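Just so we're on the same page: letters track the sequence lines, and every chain starts at 1. Remember, predicted model here, so these are calculated numbers, not experimental data.
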Amino acid sequence: MATKNNAEIAAAFEELGDLYELDGAVSYRVIAYRTAAKAVRDASVSIMALTREGKVTTVPGIGKTLEEKLKALDETGDIPSAVKLRAKFPVGLISIMHLPGFGAKRAKLLYDELGVDSLEALREKAEAGEIRKIRGLGARVEENLLRVLAEQEEGGGPAPRILLSRAIPVAEQIAGALRDHPAAHRVEIAGSVRRMGDTAKDIDIIATADDVGALIATLAELPLVESVAASGDAGARVRTHSGVKVDLRVVEPDQFGNVLQHFTGSKAHNVQLREAAVRRGLHVSEYGILDDETGETLRCATEEEVYERLGYAWIPPELREGRGELEAARNGSLPQLIELSDLRGDLHCHTTLSDGRQTLDQMAEEALRRGWEYLAVTDHSASHGFGDHVTPEALEARIEEIAALNDRLEGKIRILAGTESNILPDGSLDYPDELLQRLDWVIASIHTSFGMEETAMTERMIAAVEHPWLDAIGHPTGRKIETRPPYAIDMTAVIAAAAKNGTMIEINSAPDRRDMNESHARAASEAGVMVLVDSDAHSARNFDLLQYGIATARRAWLTPEKVANTRSWADFAPLRKRAKA
DNA sequence: GCCGTTTTCGGCCCGACTGTTTTCAGTCG
C-alpha cells in the first residue's frame with residue numbers, strides 16, 4: 001500500500017476531528033485534531049517517515065494517541081475510530097457542518113430531528129419550511145440556509161483566496177489614500193498581507209484618526225471601491241471592483257498597538273502568545289493586556305510595547321505563524337532576516353531567445369540599473385517546445401553573444417551564459433554535457449510529465465541533483481498556488497541529495513509559484529543547502545517579483561548568509577559545481 | 001488530545017456577531 005503523504009494524513013485528521021465533533025466530543029479534543037492536521041500539512045518532512053522512525057511525537061501537536069492513529073493509518077490504510085464513526089454519521093453531515101453559519105451542533109440537530117443526511121435533503125426540508133419548526137432554529141436560519149445553498153450552486157464552493165501579488169497593490173493603494181487624508185494619523189496594513197503569506201482572504205487595515213466618518217467616507221469614495229457592505233462608527237467593510245474584500249478599523253491611538261498586533265495574527269501566533277501570557281497572569285486581547293494582579297488593562301500605542309510587556313522582542317510579521325518565533329523572541333535568538341536590498345544578482349531569467357519579452361541587452365541593462373553584480377540569463381532549453389525552444393546551436397551562438405556583451409559592459413556587471421534546462425523523465429538534461437560544461441551557469445527544472453508516481457519523480461529529481469554540471473534546481477515542486485498542486489515528490493530526499501552534492505535550490509519568486517515554499521526552504525537551509533532567491537523574470541519589470549521570493553525566504557527564517565545570491569561575485573562564483581570541478 | 005519557567009493532572013485565548021430567546025448557544029475569526 002502506498003505511503004500516505006502529508007496532505008492525505010492532514011485530511012484524515014480533519015475528517016476525524018469533524019466526526020468527533022459530530023459525536024459531541026469535548027471541544028479540546030476536536031481542536032487537537034485540527035491543530036495536528038495543520039501541523040502535518042505544514043511539515044517539511046514526511047510525517048509517515050517520522051512515524052516509522054518513532055520520532056513523530058517530536059512534531060508539536062502530535063502526542064502518543066495520534067502516533068497510534070498514524071501507525072494504524074500506515075499499516076491498514078485507515079484509522080479504526082474513523083471507520084466506527086463513519087458508520088454512525090453519514091458523510092453528508094460533514095458537508096452540512098461546513099456550510100457558513102452551520103456547525104456540528106446544527107448538523108447533528110438536523111439529522112436527529114429531520115433525518116437530513118445530505119445537502120440535497122437539507123434543501124428539500126428548507127424549501128418545505130421544515131427547518132423553521134425546529135426549536136433553536138427559526139425563519140431567519142432557514143432563509144439564510146437557502147441563500148447559502150443557492151450561492152454555493154452558483155459559485156461552486158467557497159470564494160478562492162487571492163494571490164499576495166493581487167492583494168498588495170490594492171492594500172497599498174487604499175492605505176496610501178487614507179494616509180493622505182488630513183484626518184488620518186496612523187494607517188497600517190495588517191493580516192496575512194502584512195505577514196506576506198502566499199494568499200489572503202481579505203485585506204485588513206487599521207487606522208487612527210481625528211474624524212472617523214471622514215476617513216470612512218474617503219474609503220467608500222475611492223474609485224476602486226465597488227460597494228460598501230457595512231459601515232459604522234468604528235470602521236467599514238467594502239468590496240473592490242476586482243472582488244477583494246477590505247476591512248477598515250479605526251481605533252483609539254492608545255490601543256493602536258494592541259489592535260495592530262491582534263489583526264496581524266496569525267491565529268496560531270496569537271493563541272500561543274495568549275496561552276503563554278495566561279501562565280504569567282496576563283490576558284491579551286485586541287483591547288489591551290489585563291493584569292490579574294492589579295486588575296488593570298494596559299493599552300499600547302505601539303506593537304513594540306505589546307511584545308515588550310509580554311517579555312518578547314518585536315517579531316517581524318513574516319515570522320508570526322506559531323513556528324517557534326515566540327521562544328526565539330524571548331531568548332534573543334530571532335534571526336536577522338534577509339532583505340531585498342541584500343541581493344547582488346539573479347540566477348534565473350528569460351529573454352526573447354525563448355519565451356521572454358525583452359532582449360538580452362535590455363535585461364542586462366535593467367540588472368545594471370538595479371546595481372547588481374551579476375545576472376544569469378537562462379532561457380528555456382532544447383526540448384521546451386511551444387516554438388520557443390533553444391537548439392544547442394542557438395545556445396552556442398548565445399554564449400558568443402554574451403561574451404561580446406560582457407566586453408562592452410567593461411566589468412560593470414557580469415552576465416552569465418546559462419540555461420534553464422528541462423529535466424527529462426529519466427532525470428537527464430536536454431543538452432549534451434559538453435555544452436552544459438561550457439556554460440557559466442545551469443539551472444534545471446521539470447516542465448513535463450508531472451503525473452509521475454512519487455518514487456519515480458523523486459528519483460528523476462535526484463538524478464538531476466547529482467548531475468555534475470547542474471548548479472541549481474528551479475521551482476522544485478511545480479506548484480501553482482490556488483491552481484495546481486505540487487507534483488508528487490519527496491522533498492526531504494531531494495534536499496538531502498542537494499546538500500550532499502552541493503546543488504543549490506531556488507525559491508522561485510513568481511507570486512503564483514513561490515517554490516520551494518517557506519517550509520521546504522527552511523528545511524533545506526537547515527540541511528545545509530545553499531538557497532537562491534530567483535526572479536524567473538520574463539521581462540525587465542519582472543525583476544520586481546523578487547519581493548515575493550524574499551518574502552518566502554523571510555517566512556523561512558533565512559538570514560542573508562543562507563541565500564547564495566546575497567554574495568559578491570567573488571564569493572558566489574566558487575559555489576558553482578563547475579568552479580569546484 | 002496535548003502539554004509543562006506554577007502543573008505528568010487539570011487546565012486549555014478572547015471577543016464579536018447572529019439569531020434565538022428573556023439570559024444564551026452556536027459560529028466565526
Side-chain angles (χ1 to χ4, degrees), chain A residues 13 16-40 56-70 79 81 96-110 131-145 147-148 158 161 190-192 200-204 229-230 232 234-235 237 245 247 249 251 255 258-259 261-290 292-293 297 306 310-312 322 326-327 330-331:
Chain A
F13 283 170
L16 194 47
D18 287 345
L19 288 166
Y20 274 130
E21 193 176 16
L22 284 168
D23 202 33
V26 292
S27 59
Y28 299 111
R29 183 150 78 151
V30 177
I31 291 167
Y33 276 95
R34 293 184 182 150
T35 306
K38 184 165 166 35
V40 169
V56 78
T57 55
T58 60
V59 177
I62 296 182
K64 277 274 157 221
T65 305
L66 286 183
E67 182 180 34
E68 289 308 312
K69 312 241 178 212
L70 283 167
I79 302 173
S81 46
I96 294 172
M97 70 183 279
H98 288 312
L99 289 172
F102 280 71
K105 297 272 170 57
R106 284 184 175 174
K108 179 81 175 4
L109 181 66
L110 289 163
I131 308 290
R132 66 180 68 202
K133 295 178 188 162
I134 298 172
R135 182 174 169 77
L137 305 180
R140 300 292 286 276
V141 172
E142 192 174 273
E143 287 162 21
N144 287 338
L145 173 63
R147 186 171 45 78
V148 163
R161 295 177 65 89
S192 52
K201 189 161 72 71
D202 51 22
I203 293 169
D204 289 304
R237 172 171 303 156
K245 281 180 280 186
D247 265 334
R249 284 183 185 76
V251 304
Q255 286 179 314
N258 303 100
V259 177
Q261 192 285 321
H262 172 79
F263 283 102
T264 298
S266 66
K267 182 172 183 179
H269 175 83
N270 282 353
V271 168
Q272 290 178 17
L273 181 86
R274 290 165 179 202
E275 283 176 351
V278 168
R279 291 197 284 274
R280 282 184 225 96
L282 301 170
H283 302 272
V284 180
S285 78
E286 63 257 56
Y287 302 109
I289 302 171
L290 169 65
D292 276 343
E293 216 165 287
T297 298
V306 176
L310 297 170
Y312 302 106
L326 287 168
E327 191 187 3
R330 184 168 292 286
N331 63 29

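- In this structure, A/Val284 reaches the sugar-phosphate backbone alone: every heavy-atom distance under 4.0 Å involves primed, P, OP1 or OP2 atoms, never a base.
- Set against B/dT7, B/dC13, B/dG1, the side chain of A/Arg279 has B/dT7 as its closest nucleotide.
- The residue A/His262 sits apart from the nucleic acid: no heavy atom pair falls under 4.0 Å.
- Among B/dT20, B/dC13, B/dG1, the nucleotide with an atom closest to any side-chain atom of A/Lys267 is B/dC13.
- If you check B/dC13, B/dG1, B/dT20 against the side chain of A/Arg140, the one that comes closest is B/dT20.
- Within 4.0 Å of A/Val141, counting heavy atoms only, lie sugar-phosphate atoms of the nucleic acid but no base atom.
- A/Glu68 CD: more than 12 foreign heavy atoms inside a 6.0 Å radius.
- B/dT8 is unpaired under the criterion used here, namely a Watson-Crick or G-U wobble arrangement in which both key atom distances are under 3.5 Å.
- Residue A/Ala107 is out of contact with every strand shown, counting any heavy-atom pair closer than 4.0 Å.
- In this pair, A/Tyr20 and A/Tyr33 present their aromatic rings tilted. The plane angle is within the 30 to 60° band.
- For A/Glu286, the listed nucleotide lying nearest its side chain is B/dG15; candidates were B/dT7, B/dG1, B/dG15.
- Within 4.0 Å (heavy atoms only), A/Leu273 reaches no atom of the nucleic acid at all.
- Using a 4.0 Å heavy-atom cutoff across all strands shown, A/Ile62 reaches sugar-phosphate atoms only and no base atom.
- For the pair A/Tyr28 and B/dC12, the ring geometry qualifies as stacking, because the centroid separation is below 5.5 Å while the planes lie within an angle under 30°.
- Here A/Leu99 lies in heavy-atom contact (under 4.0 Å) with sugar-phosphate atoms only.
- If you check every strand for non-hydrogen atoms under 4.0 Å, A/Ala104 touches sugar and phosphate atoms only.
- If you take atom C1' in B/dC12 and the same atom in B/dT20, they sit 29 Å apart, rounded to whole Å.
- A syn orientation is assigned to B/dT7, its glycosidic angle lying within 90° of 0.
- No contact: A/Phe263 has no heavy atom under 4.0 Å from any strand.
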